[in-house]
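First the proteins, then the strands, lettered A, B, ... as listed; each starts at 1.
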There are 2 protein chains.
Amino acid sequence: MQHKLCCMQETMNTVPGRTTEKAAGKTVEETALLDRVRKLVLGGDFPPGAPLSEVFLAQEFEVSRTPIREALKQLQHEGLVEIRPKVGTFVREPTRREIVELFQLKESFEGLAASLLARRGYVPELEILERNVAESERAAEDQDADGYARLVHEFHWTIIRGADNRKLAEHYERLMNQLAYHRLVVRTVEHPGRILASTGEHRAVLTMIQNKDPFGAESAMRNHVYASSKEALSDNRPRYGGSTN
Amino acid sequence: MQHKLCCMQETMNTVPGRTTEKAAGKTVEETALLDRVRKLVLGGDFPPGAPLSEVFLAQEFEVSRTPIREALKQLQHEGLVEIRPKVGTFVREPTRREIVELFQLKESFEGLAASLLARRGYVPELEILERNVAESERAAEDQDADGYARLVHEFHWTIIRGADNRKLAEHYERLMNQLAYHRLVVRTVEHPGRILASTGEHRAVLTMIQNKDPFGAESAMRNHVYASSKEALSDNRPRYGGSTN
DNA sequence: TTACAGTCTCTACCATGCAACAAACCATAG
DNA sequence: CTATGGTTTGTTGCATGGTAGAGACTGTAA
């Protein structure tokens, strides 16, 4: 049950603040185009099942079909679209079941990350987390939902980065991309009561990490993710109310 | 810490017995080509860092550069090659650190799978596992290393499938693809002593699952994966002795 | 009305030409 | 000998035309 440990440097942020920064193995243009297409799909203008033909996207973004094709393959693989060979590409509707599955994975990933972080010696992430949780508590008091959501996002990513396991970060990023569709719809999953509980859970996780207690940290984090995903799944099933453009 | 639960149907097996079966969203030709290129890379004829030019592969496999390009993107993303934009594609050497990171993830994934499986009601996987472990014990007595390796492979995949979480299976498959390079080199990681211990650990995992004890199952599985990966990482650092062709 | 067969259209898939970039090479000057 | 600049070569990246497959449609017959 013990873990060896190992390094890591950069990870992209998830959708909300996704800056067009270069990903490894892709040119900047490729990344930019990918982001534009992803935004289009996530924007909600296309309902699930809507076709995304290569030619349409090509003239929409004023490039040839080839780079579009590559971007679509990437998105397929992120789970946002479905490619039916020889037929076409379609916006994919994540089923409720898939969301549940992804949340199970999220719990596992973040638990691992917390555990790995707690196992490390001194790391600058600890101070960042301390500040983050303090700010979260203030934001919760002030009922600042947007600020709170941003801080939560930062909290989780800081722990992932702090785990110092690049492969974990890669898988986590994939996961979050797949959840992004859902997250855009049920934007602020946390209602006031939940925010209070959530803040407490963040504090608990941080304390365990500060105590260098990997088991406690993992446990606390899993509890937190479980609670928060149960909340997210509670009643608000994914609804896609975008115009069909 | 409780888990909801959820289904799953087909997963491809990992490298050794990788049959050219159709993957979702790809034509059979695409999958076949991908497998051929993957085999070429994994075959060891190209040392890490060796260039894999599109034109070369294109005439090697008698197709155009376009499908080759797509296959390479897929392999990049499996971690087997590195694409340097505008420069070329190169066989990638997984660092020791990456292997460690991957094993950490493996532990987490399989722990989750065991836990989810233990949580389910009656499932046919249980009988398969029972037979599998029994056969493993016989193979261990008979010093049948090859048979044992095959059974171990089956054991782990059966649990992943039994977890009934398709997204988990997808991520696990990616992970195992990334580990495949390493696994080809240190083929049979288990020496006789380790095999004995390993068999016992399998039995322990199975018992916990039969007892419907998710925590115990997760714990036992993580212990097992940890022990087995420590063994794999012990001294045999990846060596690439293939001819340069 | 329904079932089925033939056709027809729309789509991805693949091939190939062209352009632009990166890096290796060589020559020249300090 | 070293450093620097220009040239040359090899590679990907993008555009576009042809092809073949999948699915929709229509008409016909039961």
Mark up nucleotides 5-17 of chain D, 5' to 3', with B wherever a protein heavy atom is under 4.0 angstrom from a base atom, S wherever such an atom reaches only the sugar-phosphate, and - elsewhere.
------SBB-BBB
Excluding sequence neighbours, so at least two apart, what forms ring-ring contact (aromatic ring centres under 6.0 Å, His included) with F155(A)?
H202(A)
Are side-chain N/O atoms of Q104(B) and Y226(B) paired as donor and acceptor at under 3.5 Å?
no
Salt-bridge contact E170(A)-R166(A) (side-chain N to carboxylate O under 4.0 Å):
no
Span of DNA chain C in contact with chain A (heavy atoms, under 4.0 Å)
dT11(C) to dC14(C)
E127(A) and Y122(A): side chain donor to acceptor below 3.5 Å:
yes
Okay, side chain of S115(B), backbone of G111(B): is any donor-acceptor separation there less than 3.5 Å?
no
Applying salt bridge (Lys or Arg N to Asp or Glu O under 4.0 Å) between R92(A) and each of E78(A), E82(A), E98(A), report the one that passes.
E98(A)
Report the C-alpha separation of K73(B) and E30(A) in whole Å, then their side-chain angles, then the decisive distance to 0.1 Å, and conclude whether the salt bridge (Lys or Arg N to Asp or Glu O under 4.0 Å) test is met.
CA-CA 13 Å; K73(B) 288 239 170 188; E30(A) 277 172 328; 3.1 Å; yes
